[in-house]
Amino acid sequence: MATSAAPASPHALFLPYPAQGHVIPFMELAHRFLDRGFAVTFVNTKFNHRRVVAVAGGATTAYSSAGGGRLRLVAVDDGIDDAGDHENLILLNAAMQEAIPPQLEALIDGEDAAGQGLGKVTCMVVDSGMSWALDVVKRRGLPSAALWPASAAVLSVLVNAKRLIRDGVIDDDGAPVNLKNNSFNLNESTTSMDATFLAWNYMGNRDAERLVFHYLTSTAQAAAAKADFLLCNTFSDIEPAVFAGPTPATILPIGPLRTWQRPTRHAPVGHFWHPDDDACMSFLDAQPRGSVVYVAFGSISIMTAAQLEELALGLEASGRPFLWVVRPEQAGKLPAGFADAIDGLGKGKVVGWAPQEQVLGHPAVGCFVTHCGWNSTLEGIRNGLPMLCWPYFTDQFTNQTYICDIWRVGLRVASAEGGRLVMKERVVELLDRIFEDESAKERVLRLKEMAEKNMSEEGQSLNNLNVLMESMGR
Ligand SMILES: O=c1ccn([C@@H]2O[C@H](COP(=O)(O)OP(=O)(O)O[C@H]3O[C@H](CO)[C@@H](O)[C@H](O)[C@H]3O)[C@@H](O)[C@H]2O)c(=O)[nH]1
């Protein structure tokens, strides 16, 4: 008598760009798939895999969810020697395109996953910035999605860059040549966009800007052409210029993806540094409601010792309690003895890495000083916090425009006259202004409600996520 085998679970392979601001939202999306019963193979470069596994407590297979999904963390070689610079993105982009596709083929075709009870890979979610990997899945006829983890506005600019060149807005290398009132239109029917939406132009170095322009536009355009779904971690209400126009983009908004809060606590999977939970939470528990300034500049921003010193003095002089993330490699630039002295007074806390989403959700936090990475921007909104913006590069300047001029839920730290060195007096003044700005607070709470609605049962983003997962196998 023939026995019918149980249908194998769908198995998604996730490939994020090797940067913290990409791995975190990819891991969150992976958890959505796991909750729905998918098996997930999550691919990091060896350099990042080692860090992620160390923070996750050493496990490479983990996770139990209501849906019974299983997560497997695997590493691929990024094409750079072990001793080389794995954080030089220009080198990395070139090396990865050569080195990674054959390793993906082996992961898809090999028996390793089957041996671990995960079954063959049945679909793939790749970073839009690594869309060259889509050829591997296309050759096998598997469904695929590309995820862009920043704003839909920047993605639509990248996808339509050829039109901007044709219309003489930018030159062949992305440099602006014809902006009207420092703004431009994607086409005749769209709302005008501020120059900061040409995000690649904020690197501080024309050669790097040219390289980033070509990399981002070519990968985004290939993602739009090759993937079955072009996903964006956003929601349509905050980006009406992209989604409400007469020709809405084919971008599928599936956000805001949460980056931390889970029903059960377990070691964070996907973080490159270990969050200092106890220090952060016990400090926040001891502070009055809405009083704390949370300061964090993401995973890449670099500040000079002079900037850190003025910020340190400004935070201290503000008299407000503060929780400040200074990544370990930056900590040596703080004024000598500052962290210990402030800790001793009980007014401030400096940590190497925080459980950011939990921190932002704590009732003691009243304001977020941010570099405006897209994940941080969404996390600030989702937790209803007014923001002080201190961008470092690329789309962080776009997001600052969204925060300060379009949504009007924050203030710029650097003055319009320019100059990166912000003096302590300005830090104090801006903190006073943002804490007193009730209308900014009301506006950000309205955005928070919209974010929640989008991820609720009847929400557009959640609905899009469900359509995506159904099309990919469940
Ligand atoms: O102490 C910390 C600090 C940060 N985070 C998390 O780290 C992520 C940081 O992401 P993001 O705010 O986007 O900043 P970057 O790490 O700088 O992200 C890169 O990727 C983003 C998405 O493409 C871009 O918008 C940024 O410009 C780019 O620098 C967020 O989820 C934070 O919650 C923590 O968990 N703990």
Side-chain angles (χ1 to χ4, degrees), residues 16-29 48 51-52 55 87 89 127-130 146-155 158 196-197 199-203 212 215-216 219-220 231-234 255-262 267-277 279-281 294-303 323-331 349-362 365 368-383 385 387 389-403:
Y17 190 83
Q20 182 69 99
H22 294 232
V23 171
I24 288 180
F26 262 78
M27 187 55 81
E28 178 55 30
L29 185 59
N48 289 333
R51 303 158 87 182
V52 165
V55 173
E87 293 177 296
L89 303 185
D127 202 297
S128 151
M130 300 167 90
L147 172 65
W148 168 256
S151 69
V154 170
L155 178 57
L158 296 174
T196 52
F197 283 74
W200 57 85
N201 280 322
Y202 297 83
M203 301 279 298
V212 169
Y215 189 77
L216 288 181
T219 50
L231 313 175
C232 187
N233 182 18
T234 189
L257 296 166
R258 284 197 178 282
T259 51
W260 181 277
Q261 290 167 0
R262 307 218 180 288
V269 187
H271 285 245
F272 295 176
W273 296 270
H274 210 296
D276 202 342
D277 296 26
C280 293
M281 291 306 155
Y294 173 64
V295 188
F297 299 120
S299 61
I300 304 175
S301 292
I302 296 166
M303 296 182 99
L323 175 60
W324 184 6
V325 179
V326 183
R327 295 190 313 274
E329 79 279 5
Q330 296 277 297
K349 179 89 54 223
V350 177
V351 294
W353 193 247
Q356 181 159 304
E357 179 97 49
Q358 273 182 316
V359 165
L360 294 172
H362 194 288
V365 176
F368 182 14
V369 183
T370 171
H371 72 311
C372 311
W374 184 247
N375 298 292
S376 293
T377 302
L378 290 180
E379 290 158 17
I381 286 177
R382 200 171 36 239
N383 291 290
L385 290 170
M387 292 172 254
C389 301
W390 200 336
Y392 172 65
F393 72 176
T394 60
D395 70 321
Q396 297 159 15
F397 285 87
T398 323
N399 305 335
Q400 173 176 252
T401 302
Y402 263 142
I403 293 169

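On a predicted model such as this, the values are computed, not experimentally measured, just so you know. The basis for the numbers below is simple: all heavy atoms, side chains too, and nothing from hydrogens, waters or symmetry mates. Order of listing sets the numbers, starting from 1, for every ligand and every atom in it.
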What atoms of ligand 1 come closer than 4.0 angstrom to any heavy atom of [X]?
X	result
His22	20 (O), 23 (O)
Ile300	29 (O)
Asp395	24 (C), 25 (O), 26 (C), 27 (O)
Gln396	17 (O), 26 (C), 27 (O), 28 (C), 29 (O)
Gly21	10 (O), 16 (O), 18 (O), 20 (O), 22 (C)
Val325	1 (O)
Ser299	15 (P), 16 (O), 17 (O)
Ile24	6 (C), 7 (O), 8 (C), 31 (O)

* Salt-bridged, Glu357 to Arg382, with N to O below 4.0 Å? ->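 So Glu357 pairs with Arg382 through a salt bridge.
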
* Polar proximity ligand 1 side, Gln20 side, N/O cut 3.5 Å exclusive ->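 Among all N and O atoms of Gln20, none is under 3.5 Å from an N or O of ligand 1.
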
* For Glu357 and ligand 1, does the shortest N/O to N/O distance drop below 3.5 Å? ->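 There is no such contact.
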
So which of [options] gets nearest to [atom], if we judge by its closest heavy atom?
atom	options	answer
atom 1 (O) of ligand 1	Ser376, Ala354, Gly380	Ala354
atom 31 (O) of ligand 1	His271, Glu379, Gln356, Glu28	Glu379
atom 13 (O) of ligand 1	Asn375, Leu360, Asp276	Asn375

* May I ask whether Pro149 has any heavy atom positioned less than 4.0 angstrom from an atom of ligand 1? => yes

* Any non-hydrogen atom of Phe393 lying under 4.0 Å from ligand 1? -> yes

* Are Tyr202 and Phe393 close enough, and set up right, to give a ring pair (Phe, Tyr, Trp, His ring centres under 6.0 Å), and what steps lead you there? -> CA-CA 5 Å; Tyr202 297 83; Phe393 72 176; over 10 Å; no

Checking the side chain of [X] only, and the main-chain atoms of [Y] only, is there a donor and an acceptor separated by less than 3.5 Å?
X	Y	value
Thr398	Thr196	yes
Tyr215	Gly129	yes
Trp374	Thr377	no
Asn233	Pro149	no

* With rounding to the nearest 0.5 Å, note down the distance linking SG in Cys372 to CD1 in Ile403. => 4.0 Å

* To do: Report yes if the distance between the aromatic ring centroids of Phe197 and Tyr402 is under 6.0 Å, otherwise no.
  => yes

* Asked: Can the positive tip of Arg51 be found less than 6.0 Å from the middle of the six-membered ring of Trp273, inside 45° of the ring normal?
  -> yes

* **Asn201: partners by side chain to side chain donor-acceptor pair (under 3.5 Å), with sequence neighbours left out** => Arg206

